[in-house]
2 protein chains.
Amino acid sequence: MLDKEAGKAAGAAQPAGQKRALRQPSIKDIARLARVSHPTVSRALQNSPLVNAQTAAKIRKIADEAGYRASAVARGLVTRRTRTIGLVVTTVADPFASEVVCGVEETANDHGYSVFLADSNADPVREKKVVQAFAERRVDGIIVTSSRVGALYLPLLAEMMVPIMLVNDQYPGAFVHSVMISNFEGMRAASEHLVGLGHRRIAYLGDKFGYASDTERVAGYRAALDAAGIPAMPELIVHGDGKPEAAMTAIEKLLTLADPPTAVCCYNDMSALGAMRQIRARGLRVPEDISVAGFDDLFFASYTQPPLTTVRQPMRRMGQLAMENLIKLMSGEESVEQIKVDAELIVRESTTMRS
Amino acid sequence: MLDKEAGKAAGAAQPAGQKRALRQPSIKDIARLARVSHPTVSRALQNSPLVNAQTAAKIRKIADEAGYRASAVARGLVTRRTRTIGLVVTTVADPFASEVVCGVEETANDHGYSVFLADSNADPVREKKVVQAFAERRVDGIIVTSSRVGALYLPLLAEMMVPIMLVNDQYPGAFVHSVMISNFEGMRAASEHLVGLGHRRIAYLGDKFGYASDTERVAGYRAALDAAGIPAMPELIVHGDGKPEAAMTAIEKLLTLADPPTAVCCYNDMSALGAMRQIRARGLRVPEDISVAGFDDLFFASYTQPPLTTVRQPMRRMGQLAMENLIKLMSGEESVEQIKVDAELIVRESTTMRS
DNA sequence: CTCTTGATTGCACACGTGTACGGACGAAGA
DNA sequence: TCTTCGTCCGTACACGTGTGCAATCAAGAG
């Protein structure tokens, strides 16, 4: 026993002698200091009832003084759970995504999970690398935001056999769960609002990628117009890409119409931002000449000039919900397949009565 | 040898029999399939010259068909390097931060690193948890953005003995490296621009937290005024918190002055957003009554009404630089202590000649 | 005083990978 | 034929933690 310990000490001393400072203390170091075995240290730090209270206290004290931090990687190896999730997003630079990320990260941390963040940039090559990285990291679960990527590599994700949670993307697979906003009702409310203001020629500025969310929002827009007895006017539906620049060129088609619309519903706030800019560029005023409504209620919506009427998505809350349910799924509980949160119309000053 | 193999198979079969699908294939599974030892598989997958080319090809084929993904956690345990970094930010919901995150994540992935993201929310308790989590995860390096947190827990970070990179935060410690924007020159350029437009009563709307960046920007502002022979006017310096709301109340103090300023330099674009809103709320016009300049050039700066004159920070590039240099540091190379990138004045329409 | 029981603790594994070391084998040279 | 050398592969560790099981010890019951 003695020579064994000596051997250990020597074995540890050889490499440690030169670079002791470069290695973090291990559970065995603490065990040696406390003159107990390493399993006892392990149990003490887990507050196991199997170890004497005094011994545990002493061990914890020593561990604390030594600045001991248990290695999550070693623990993950033996427990087969890393308490880690992968979060993939087209780009965090998008305000919608960053709010969702915020919500996810917040509740993940509260539950002892760490999150790996990865931008896909909607680039298939990068997406593959990202998924492969998550698989190698042995994440316990995955959350995906921002749509279309889903259809491309969800089969790959399925191989990893971990729960997957989608935010604002509806993918028809049995193994996926999702958090969604009520796109239909939200956009219908915005459209009804415009109808109520007397508008008849109401345009829709959509997203050319044809996300499920865009499809649902157009449907809500149509439903409101139908209910008001306004016939469908195909020339009033144009497409951007969800970003300001494309919205500027898209709305140009509406403005140059012989009989331009008096109001426009935008797929999202970013599109509305571009739309308003282009409207002004043509010497028209918002809302006097054209009313503009957005979708999302990003932080800048109340600071545009005029402040933007929009449909609020509780983005952070959606991130929280996604993470909360992912945690349930990861611990084996069953969870509702699709969580739907309500959209809320926020009326500001970018919409007004038809003049 | 035979019974040993049989023992292995039995040992693996017992738990695997029920839940084989729940376990990802290990290197030993591949070894068994390829009828070689697991070290050979390990070497083959690393393209080691120590293994026969044909054997290696065969092994790689088998591994590929089996959907084998080497466990980064097991590898991290033995190599003592996780190829993982921790990225702490006050909140990703802040557009500045999210751009930096984007740059970091992009180059991290390109170099085989994964990034743990954590929001501190400037909450000390959460910050502690975050740092502890990073320590337990055995990250190879850390990047911190958004200032003041640095001073609070950098000593903790130092304990982990990993390189630390700061973005836009100057902390006087030998062990930290940073990438910064030329705050002084940037704000001086903005101020000179206003002086050049004939303004004499130029205000500064700063950040009450007194970040190093704020201090440097005020100095740049003062320098420009001094150079123009404009005396310092303390009542023209007010403080927000870098966000729109606080900027609204801060600028109110300027607007109610007996002799209000004709131009205002804002600490950042978010402050400028609030400032412009409040200016309009009081019935004044930008830039006719008051010129407004921002700092950062966030994505919305060109979409405000009027488009915002501001000082551009190459945020994404700064994130890239931080990551690139962190990689150098992690591989033992020495790196420049402080990387400084240039700020660039972007003149738009929110500033004009003094009327 | 002996047996039983409960409270603590240590031993021996396992997790999945990387690597130093030695052994087997064939080819080439003496 | 024997030695030598290079190629290729397997054996035996190690990394740091968690956990089933056995061992030890003290105390109480009989």
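The basis for the numbers below is simple: all heavy atoms, side chains too, and nothing from hydrogens, waters or symmetry mates. Only a predicted model underlies this, so the values are computations on that prediction, with no experimental measurement involved. In what follows, every chain begins at residue 1, and chains take the letters A, B, ... in the order their sequences are listed.
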Atom [atom1] of [X] and atom [atom2] of [N]: how far apart are they, to the nearest Å?
| X | N | atom1 | atom2 | result |
| --- | --- | --- | --- | --- |
| A/Ile27 | C/dG10 | CD1 | P | 12 Å |
| A/Glu136 | C/dG18 | CD | C1' | 15 Å |
| B/Leu45 | C/dG18 | CG | C1' | 12 Å |
| A/Arg137 | C/dG16 | CZ | C1' | 15 Å |
| B/Arg32 | D/dG10 | CZ | P | 14 Å |
| A/Lys58 | C/dT8 | NZ | C1' | 13 Å |
| A/Leu77 | D/dA14 | CG | P | 16 Å |
| A/Arg138 | D/dT17 | CZ | P | 20 Å |

Checklist entry - When you measure from the side chain of A/Arg80 to the backbone N and O of A/Leu77, does any donor-acceptor pair fall under 3.5 Å? => result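 Side chain of A/Arg80 to backbone of A/Leu77, a donor-acceptor pair under 3.5 Å: no, none is there.
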Next on the checklist: Counting the atoms with a prime plus P, OP1 and OP2 as sugar-phosphate, which does B/Val36 contact under 4.0 Å by heavy atoms, base, sugar-phosphate, or nothing?
Outcome noted: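 Contact class for B/Val36: sugar-phosphate only.
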Checklist entry - With sugar-phosphate meaning primed atoms plus P, OP1 and OP2, does A/Ser71 contact a base, only sugar-phosphate, or nothing at under 4.0 Å between heavy atoms? => result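 Touches sugar-phosphate only.
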Does [X] place a side-chain N or O at less than 4.0 Å from the phosphate oxygens OP1/OP2 of [N]?
| X | N | value |
| --- | --- | --- |
| B/Thr79 | C/dT17 | no |
| A/Ser42 | D/dT19 | no |
| B/Thr40 | D/dC9 | no |
| A/Gln46 | D/dT19 | yes |
| A/Arg80 | C/dG16 | yes |

Checklist entry - Is any side-chain heavy atom of B/Leu117 less than 4.5 Å from a side-chain heavy atom of A/Val101? => result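 A side-chain contact exists here, since the closest heavy-atom pair is under 4.5 Å.
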Checklist entry - How many angstroms lie between NZ in B/Lys129 and CG in B/Asp123, if you round to the nearest 0.5 Å? => result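 Between atom NZ of B/Lys129 and atom CG of B/Asp123 there are 10.0 Å.
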Next on the checklist: Rounded at 0.5 Å granularity, tell me how far CD1 in A/Ile30 sits from OG in A/Ser42.
Outcome noted: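 Interatomic distance, A/Ile30 CD1 to A/Ser42 OG, rounded to 0.5 Å: 12.5 Å.
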Checklist entry - Side-chain donor or acceptor of B/Arg43 under 3.5 Å from a matching atom on the base of D/dG10? => result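 Side chain to base: pair found, below 3.5 Å.
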Checklist entry - Which sits closer to the 5' end of DNA chain C, A/Val51 or A/His38, going by the nucleotide each is nearest to? => result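 So the residue in question is A/Val51.
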Next on the checklist: For A/Phe116 and A/Phe134, take the angle between the two ring planes, folded into 0 to 90°, and tell me which bin it lands in: parallel under 30, tilted 30 to 60, perpendicular over 60.
Outcome noted: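 The arrangement is tilted - the two ring planes meet at 30° to 60°.
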Checklist entry - Of B/Leu50 and A/Pro39, whose nearest nucleotide on DNA chain D comes first from the 5' end? => result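 In this pair, the answer is B/Leu50.
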